[in-house]
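The block underneath contains the structure these notes are about, expressed in structure tokens.
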Amino acid sequence: MAHGWLSPPTRRRVAAFRANRRGVWSLRVFLAVFLLSLFAEFIANDRPLVVRFEGRWFFPVVQDYAEDAFGVEFMPVEADYTDPMLVRTINRDGWMIWPVIPYRYNTLCKDLPVPAPAPPSARNWLGTDDQARDVLARVIYGFRISVLFGFTLTIISSAIGVAAGAIQGFRGGMTDLLFQRFIEIWSGMPQLYLLIILSSMITPGFWVLLVFLLLFSWMSLTGVVRAEFLRGRNLEYVRAAKALGVSDLAVMWRHILPNAMVATLTFLPFTLSGSVTILASLDFLGFGLPPGSPSLGELVSQGKNNLQAPWLGITAFLVLGGLLSMLIFIGEAARDAFDPRKAPK
């Protein structure tokens, strides 16, 4: 159904996107899984969602409580809701509602029937890793942090790359020449070696990795935007705007950038998949997030190191393969939507 408040080109792009059923279903599934992962603490947690004890309400999933809040026989330390004694005390004078998965990404599963890694069971749906942590809980948290990292890196690097390409293409001349030589030199820097040196000095974390990768990832869109601005600055309506005294910034923002963004937007899903892959690769090599963090790359490493536990490798393959496939399918649908040669049938 066409929306009257959309412009005709936008309606055509929406219709072209919806004509690609594979891309539409990939977008739906991706958004559903990502939205669920945003509430990971309410799905997989070693704390109850709600506790009713002696007529009082407690919400451990969003607030910390001391153990002595549930009886004078306990110590004034943070409550451990996996402690059998605390569980019996609460159940004796109240009740608890647990998440669907009673484990966080770092919860150690106690009393496993076999040594870790344990195979899938009714207790651990995807089994445990070699440190007795629930694989499904780690997948949920790892999916969230991978996608959020990818989104953040893609948005910031794209903004920097678009700005750099716009300045290059619009100014041209010596500015373009010097910028191109800088990009050629900077893109030849050995990123992995630099990251190894960095990790030897400080412990890489989410923001450290983000800043480091931003130093190089912004160049992915610069060439495309530069080419669009080189072409657009010589168009008649751009020359007319400059002749009327419109500032260079206004010309770039209003008249050339909208055309350049068409090509840029088609690259964003592919850039996002590349950002997710970079984080997983660094985690696999041991130069990514701190040890113990929920990570899809670390799950791949666990699968490689524990060939006797095939569920680890299979889970890592299905999750990473499914995530990247969905992003690629969404990117293909977006590319078709912005291609004027592909009108919806």
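What you see is a predicted model; the values in this text were computed from it and never measured.
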Quiz item: Side-chain contact, heavy-atom cut-off 4.5 Å: Pro48 with Val61?
Solution: no
Quiz item: Are Val33 and Leu272 joined in one hydrophobic group, where the rule is that I, L, V, M, F, W and Y side chains link up if heavy atoms are under 4.5 Å apart?
Solution: yes
Quiz item: Donor-acceptor pair, Thr152 side chain versus Leu148 backbone, under 3.5 Å?
Solution: yes
Quiz prompt | Shortest non-hydrogen contact between Leu214 and Ser157, atoms and distance | solution = CD2-N, 3.5 Å
Quiz item: Less than 4.5 Å apart, any side-chain heavy atom of Ile328 and any of Ser273?
Solution: yes
Quiz item: In terms of side-chain geometry, is the basic nitrogen of Arg171 or Asp176 positioned less than 4.0 Å from the acidic oxygen of its partner?
Solution: no
Quiz item: Is there a donor-acceptor pair closer than 3.5 Å between any side-chain N or O of Asn306 and the backbone N or O of Ala309?
Solution: no
Quiz item: Quick one: does Asn124's side chain have a donor or acceptor within less than 3.5 Å of a partner on Leu126's backbone?
Solution: no
Quiz item: Sequence neighbours excluded, which residues qualify as ring pair (Phe, Tyr, Trp, His ring centres under 6.0 Å) partners of Tyr65?
Solution: Phe58
Exercise. Verify the distance criterion only: is there a donor paired with an acceptor across the side chains of Thr271 and Thr154 at less than 3.5 Å?
Key: no
Quiz prompt | Side chain proximity check, Glu298 to Phe284, heavy atoms < 4.5 angstrom | solution = no
Quiz item: Same cluster or not: are Val50 and Val87 linked, directly or through other Ile, Leu, Val, Met, Phe, Trp or Tyr residues, by side-chain heavy atoms under 4.5 angstrom apart?
Solution: yes
Practice problem: Evaluate the side-chain proximity of Gln180 to Gln168: yes if any heavy-atom separation is below 4.5 Å, no if none is. | Solution: yes
Quiz prompt | side-chain contact (heavy atoms from CB on, under 4.5 Å) between Ile256 and Phe170, worked out | solution = CA-CA 9 Å; Ile256 306 179; Phe170 190 79; 3.8 Å; yes
Quiz item: Does the side chain of Phe229 reach to within under 4.5 Å of the side chain of Met252, using non-hydrogen atoms?
Solution: yes
Quiz item: Side-chain contact, heavy-atom cut-off 4.5 Å: Phe216 with Leu194?
Solution: yes
Exercise. Mark yes or no for whether Ser37, through its side chain, and Phe34, through its backbone, hold a donor-acceptor pair below 3.5 Å.
Key: yes
Exercise. Determine yes or no for a side-chain-to-main-chain donor-acceptor pair under 3.5 angstrom, with Ser295 supplying the side chain and Gly297 the backbone.
Key: yes
Quiz item: Is the shortest heavy-atom distance from the side chain of Leu38 to the side chain of Leu35 under 4.5 Å?
Solution: yes
Quiz item: Only one of Trp95, Phe70, Phe59 forms a ring-ring contact (aromatic ring centres under 6.0 Å, His included) with Phe53, so which one is it?
Solution: Phe70
Quiz item: Nearest heavy-atom pair of Leu312 and Gly303: which atoms, and what distance?
Solution: CB-CA, 3.9 Å
Quiz prompt | Over 12 foreign heavy atoms within 6.0 Å of CZ, Phe143 | solution = yes
Quiz item: Would a hydrophobic clustering, with Ile, Leu, Val, Met, Phe, Trp and Tyr connected at side-chain separations under 4.5 Å, put Val51 with Trp57?
Solution: yes
Self-check item: Donor-acceptor pair, side chain of Tyr105 and main chain of Gly292, under 3.5 angstrom
Solution: no
Self-check item: Euclidean distance, Leu296 CG relative to Arg138 CZ, rounded to 0.5 Å
Solution: 10.0 Å
Quiz item: Is the side chain of Arg12 donor-acceptor paired with the backbone N or O of Ala337 at a distance under 3.5 Å, no angle test?
Solution: yes
Self-check item: Which atom of Pro294 lies closest to which atom of Ile145, heavy atoms considered
Solution: O-CG2, 3.4 Å
Quiz item: Do any N or O atoms from the side chain of Arg22 and from the backbone of Ala333 form a donor-acceptor pair under 3.5 angstrom?
Solution: no
Practice problem: Answer whether the closest heavy-atom distance between the side chains of Trp218 and Ile183 falls below 4.5 Å. | Solution: yes
Exercise. Calculate, to the nearest 0.5 Å, the distance between atoms CD1 and CG belonging to Ile101 and Leu136 respectively.
Key: 3.5 Å
Practice problem: Kindly compute the distance separating CD1 (Ile197) from CZ (Phe287), expressed to the nearest 0.5 Å. | Solution: 11.0 Å
Self-check item: NZ/NE/NH1/NH2 to OD/OE distance under 4.0 Å, Arg92 and Glu54
Solution: no
Quiz prompt | Worked verdict on Ser220 versus Phe267 for side-chain contact (heavy atoms from CB on, under 4.5 Å) | solution = CA-CA 9 Å; Ser220 61; Phe267 279 95; over 6 Å; no
Quiz item: Looking at Asp64 and Arg47, does any basic side-chain N land under 4.0 Å from a carboxylate oxygen?
Solution: yes
Self-check item: Verdict with supporting geometry, Thr264 and Val162, side-chain contact (heavy atoms from CB on, under 4.5 Å)
Solution: CA-CA 8 Å; Thr264 302; Val162 168; 3.9 Å; yes
Practice problem: Compare every heavy atom of Leu209 with every heavy atom of Leu195, then report the nearest pair and how far apart it is. | Solution: CD1-CD2, 4.0 Å
Exercise. Kindly work out whether a path of hydrophobic side-chain contacts (I/L/V/M/F/W/Y, heavy atoms less than 4.5 Å apart) joins Val276 to Phe151.
Key: yes
Self-check item: Test salt bridge (charged side-chain N to carboxylate O under 4.0 Å, His left out) applied to Arg144 and Glu41, step by step
Solution: CA-CA 11 Å; Arg144 178 176 68 178; Glu41 286 79 9; 2.9 Å; yes
Quiz prompt | Side-chain H-bond candidate by donor/acceptor type, Asp130 with Gln302, under 3.5 Å | solution = yes
Quiz item: Rounded to the nearest 0.5 Å, how far apart are CG of Asn106 and CD of Gln131?
Solution: 10.5 Å
Exercise. List the steps and the verdict of side-chain contact (heavy atoms from CB on, under 4.5 Å) for Ser217 and Leu153.
Key: CA-CA 8 Å; Ser217 61; Leu153 180 61; 3.5 Å; yes
Quiz prompt | Straight-line distance of Asn91 CG to Met96 CE, nearest 0.5 Å | solution = 4.5 Å
Self-check item: Shortest non-hydrogen contact from Leu112 toward Thr128
Solution: CD1-OG1, 4.1 Å
Exercise. Return yes when atom CZ of Phe39 has more than 12 non-hydrogen atoms of other residues, nucleotides or ligands closer than 6.0 Å, and no otherwise.
Key: no
Practice problem: Consider only side-chain heavy atoms of I, L, V, M, F, W and Y, link residues closer than 4.5 Å, and tell whether Trp125 and Tyr103 are in one cluster. | Solution: yes
Quiz item: More than 12 heavy atoms of other residues, nucleotides or ligands under 6.0 Å from CZ of Arg21: is that the case?
Solution: no
Quiz item: Between the main-chain N or O of Met219 and the side-chain N or O of Trp186, is there a donor-acceptor pair closer than 3.5 Å?
Solution: no
Quiz prompt | Donor-acceptor contact below 3.5 Å, side chain Arg11 vs main chain Val14 | solution = no
Exercise. Quick one: pull up CD1 in Ile185 and CZ in Arg181 and give me the separation to the nearest 0.5 Å.
Key: 8.5 Å
Self-check item: Non-neighbouring partners of Arg239 that pass side chain to side chain donor-acceptor pair (under 3.5 Å), sequence neighbours left out
Solution: none
Exercise. Compare every heavy atom of Ser146 with every heavy atom of Leu279, then report the nearest pair and how far apart it is.
Key: CD2-CA, 4.0 Å
